[in-house]
Amino acid sequence: MITIEINHFDLRQIAGSGQCFRMNCLKPGLYSAVSRGRYLEISQEGQQFHFHCPDEDYPFWHHYFDLNTDYGAFLSSVKKRDHYLQNAANAGSGIRILNQDAWEMIITFIISQQRTIPKIREAVENLSRLYGEEKHCTFPGGKTVVYFSFPTPAQLKKASLEDLQSLKLGYRARYIHRICLDADNGTLDLNRLSAMGYRDAMEYLLGFYGIGTKVANCICLFGLHHIEAFPVDTWIQQILTNHYYRKKYDALPKSRLYETMVQENFGKYKGYAGVMQQYIFYYERTVLHGRSS
DNA sequence: CAGCAGGTCCTGT
DNA sequence: ACAGGACCTGCT
């Protein structure tokens, strides 16, 4: 077990920020997480954190939670004039943009289309249980936890279209099936994708069946750590409309409306607008509308 | 029963 | 380019 003290880091906020679907609250202040085949239990008391994992895994989780980045600088850069963002950043000041696996984010956010977060979690867990690897983690003291890694492309390719449809993935089943084939035959090159900058990664991702602008931005933000990415979903659309509307936007075509609003209101946070997106998403959804997971 | 949920694709102008 | 409709499934 490793104990450290960290500012601007809050497990409940991160778990509720909608960026990861394999973090669970075991009891107040204690969370589990699964990523890249590893398992962690982490507890929080104020700014004190206990990492329960093999010592050699600690650097992995330190990077996973993005603990080398100075979020205090992001927070203090919020414009005083923007009261909505001020409130949001204050409410979510412990959020961090996690370093998650790109392939897992591709599948996860394809699944996320037109679904609620609890249903996304359920689907991701089902895929892991059925196509991932069963793993065991034994703690000092003897407690053993069974968990499942998220399936690799080679593992998930074993799922037929019918298999995926039987998991109630609906029209997303076709998207997933197709992209597994692409990942297997090299059309989707994850190593190449990971080496790209934000713009190139967006263009590349948009070429795949089932990935549109919103999902591609989520993959960039949560799976490739391009923190300038700013996904616009229905929640963000509502926020933009309710808090950032200006009359001149009426002249814009719908297809360009939101990207213009994002550019004009969040472009000033150059290179890290995605952090602000997380603050307002979390604030609106969790604090103002009471969604907990 | 209609409407909507972390959208995307396809089609017709 | 742009707008409108279809699409799986489950929940209200």
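Order of the sequence lines fixes the chain letters, A, B, ..., with proteins taken first and strands second; residue numbering starts at 1 for each chain.
- Using a 4.0 Å heavy-atom distance criterion, K214(A) is classed as a base contact.
- In this structure, Q114(A) reaches the dG7(B) phosphate: one of its side-chain N or O atoms is under 4.0 Å from OP1 or OP2.
- Only the P atoms considered, dC11(C) is 23 Å distant from dT8(B), to the nearest whole Å.
- When the C1' atom of dC8(C) is taken as reference, atom NZ of K119(A) falls 12 Å away, rounded to whole Å.
- Here F208(A) lies in heavy-atom contact (under 4.0 Å) with sugar-phosphate atoms only.
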Go through R22(A) and E125(A) one step at a time and tell me if the salt bridge (Lys or Arg N to Asp or Glu O under 4.0 Å) criterion holds. CA-CA 8 Å; R22(A) 301 205 68 193; E125(A) 211 51 45; 3.0 Å; yes
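- Residue R172(A) is classed as a base contact, given a heavy-atom separation below 4.0 Å to a base.
- Within the 4.0 angstrom heavy-atom criterion, only backbone atoms of the sugar-phosphate kind lie near Y209(A); the bases stay farther away.
- Here G170(A) lies in heavy-atom contact (under 4.0 Å) with a base.
- Set against dA3(C), dG7(B), dC10(B), the side chain of Q113(A) has dG7(B) as its closest nucleotide.
- Across all strands, S17(A) comes closer than 4.0 Å to base atoms (heavy-atom distances).
- Applying the Watson-Crick and G-U wobble criteria (two distances, each under 3.5 Å), dC8(C) pairs with nothing in any strand.
- For P253(A), whose side chain is taken as the heavy atoms from C-beta onward, the closest listed nucleotide among dG10(C), dA5(B), dA3(C) is dA3(C).
- Between the P atoms of dT11(B) and dC8(C), the separation comes to 14 Å (whole Å).
- Remark: R115(A) is not in phosphate contact with dC4(B), judged by side-chain N or O atoms under 4.0 Å from OP1 or OP2.
- One atom, CG of D233(A), and another, C1' of dT8(B), lie 14 Å apart when rounded to the nearest Å.
- One finds the OH atom of Y244(A) at 10.0 Å from the CE atom of M261(A) (value rounded to the nearest 0.5 Å).
- I106(A) has its CD1 atom 16 Å from the C1' atom of dT8(B), to the nearest Å.
- Rounded to whole Å, the distance from CZ on F109(A) to P on dA5(B) is 17 Å.
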Would R38(A) and D57(A) count as a salt bridge (Lys or Arg N to Asp or Glu O under 4.0 Å) if you check the C-alpha gap in whole Å, the side-chain angles of each, and the deciding distance to 0.1 Å? CA-CA 8 Å; R38(A) 294 174 175 83; D57(A) 282 359; 3.4 Å; yes
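- Distances from the side chain of Y171(A) to the nucleotides dC2(C), dG10(C), dC7(C) place dC7(C) closest.
- We find that CD1 of I107(A) is positioned 17 Å from P of dG7(B), with the value rounded to whole Å.
- Among the atoms of the strands shown, none is found under 4.0 Å from any heavy atom of E122(A).
- Looking at heavy-atom distances under 4.0 Å, I110(A) makes no contact with the nucleic acid at all.
- Under 4.0 angstrom from either OP1 or OP2 of dA5(B) there lies no side-chain N or O belonging to T234(A).
- R291(A) comes within 4.0 angstrom of nothing in the nucleic acid, heavy atoms only.
- Separation of the Y272(A) and Y71(A) ring centroids does not fall under the 6.0 Å cut-off.
- Which of dC2(C), dA5(B), dT8(B) sits closest to the side chain of V215(A) comes down to dT8(B).
- The side chain of R174(A) has dC8(C) as its nearest neighbour among dC11(C), dC8(C), dC9(B).
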Output, in order, the C-alpha distance, side-chain angles, deciding distance and verdict of salt bridge (Lys or Arg N to Asp or Glu O under 4.0 Å) for R246(A) and E264(A). CA-CA 11 Å; R246(A) 288 175 219 172; E264(A) 292 195 359; 3.4 Å; yes
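- Between dC11(C), dC2(C), dT9(C), one nucleotide has an atom nearer to the side chain of K168(A) than all others, and that is dT9(C).
- When rounded to the nearest whole Å, the span between CD of Q237(A) and P of dT8(B) equals 11 Å.
- Atom CZ of F230(A) and atom OH of Y269(A) lie 10.0 Å apart (nearest 0.5 Å).
- Summarising the geometry, the separation between CD on Q238(A) and C1' on dA5(B) is reported as 13 Å, rounded to the nearest angstrom.
- Atom CG in L252(A) sits roughly 16 Å away from atom P in dA1(C) (whole-Å rounding).
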Going through the distances and angles, do F21(A) and F109(A) end up as a ring pair (Phe, Tyr, Trp, His ring centres under 6.0 Å)? CA-CA 10 Å; F21(A) 301 88; F109(A) 282 97; 5.6 Å; yes
